[in-house]
Amino acid sequence: MKKADLFTELVATYAKHGWQLKSVLMKPSTRVEIISTDTALLDSIRIEEASVDALWFSRPSHEKREAWELRLMAETQYALFETFEADETEEQRDEARREMEARLREYVSAR
């Protein structure tokens, strides 16, 4: 499956379940491939250059928590999930998200 099609499919599937795309981790080659397919597809999305392709989604969770999911952009389904309490600082959330990214990179490199 083309990366642009996979990207579109994942965003649509998550949106159907109330998730909002927050940012993207993307290899430079993937970014070029997607832009060559659809120049507007990545407009207004924060993209961070990375060694893996993954999508960050979030949505409100129960008891005023916020759920975040880091989904590997691959046909093989793999995602990491975390919920944050309302009183957690943005620094605490960033640290947890960086740890999730590290775990995802470990998973990809071990495959």
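Note that these values count all heavy atoms, side chains included, but never hydrogens, waters or copies made by symmetry.
- Side-chain contact between Thr13 and Glu9 is present, with at least one heavy-atom pair separated by less than 4.5 Å.
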I'd like a table of donor-acceptor pairs (distance under 3.5 Å, sequence neighbours excluded) in which one partner is a side-chain atom from residues 57-65, with atom names and distances.
unit_1 : atom_1 : unit_2 : atom_2 : d
Arg59  : NH1    : His17  : O      : 2.6
Arg65  : NE     : Glu85  : OE2    : 3.0
Arg65  : NH2    : Glu85  : OE2    : 3.1

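- Relative to the six-membered ring of Phe84, Arg97 meets both conditions, a distance below 6.0 Å and an angle of at most 45° to the axis.
- Interatomic distance, CG of Leu104 versus CZ of Arg71, reported as 10.0 Å (0.5 Å rounding).
- Within 6.0 Å of CD in Gln77 there are 12 or fewer heavy atoms belonging to other residues, nucleotides or ligands.
- Here the CE atom belonging to Met26 is positioned 5.5 Å from the CD1 atom belonging to Ile47, to the nearest 0.5 angstrom.
- Side-chain contact between Glu82 and Met100 is present, with heavy atoms from C-beta onward closer than 4.5 Å.
- The shortest distance between side-chain heavy atoms of Met73 and Thr30 falls below 4.5 Å.
- The ring pair (Phe, Tyr, Trp, His ring centres under 6.0 Å) test applied to Tyr78 returns Tyr107, not counting sequence neighbours.
- Using a 4.5 Å heavy-atom threshold, the side chains of Leu72 and Arg111 count as touching.
- The cluster map of Ile, Leu, Val, Met, Phe, Trp and Tyr, joined by side-chain heavy atoms under 4.5 Å apart, puts Ile34 and Leu6 in the same cluster.
- In the displayed structure, Arg46 atom CZ is contacted under 6.0 Å by at most 12 heavy atoms of other residues, nucleotides or ligands.
- Within the 4.5 Å cutoff, side-chain heavy atoms of Leu21 are placed close to those of Phe7.
- For the atom pair NZ of Lys3 and CD1 of Ile35, the computed distance is 14.5 Å after rounding to the nearest 0.5 Å.
- A side-chain donor from one of Glu101 and Trp56 sits under 3.5 Å from a side-chain acceptor of the other.
- The structure places CG of Asp94 at 5.0 Å from CD of Glu90, a figure rounded to the nearest 0.5 Å.
- Arg93 is linked by a salt bridge (Lys or Arg N to Asp or Glu O under 4.0 Å) to Glu66, counting only residues two or more places apart in sequence or in another chain.
- Donor-acceptor pairing under 3.5 Å is recorded for the side chains of Tyr14 and Glu69.
- Hydrophobic clustering of Ile, Leu, Val, Met, Phe, Trp and Tyr side chains at less than 4.5 Å, counting indirect connections, unites Leu25 with Val108.
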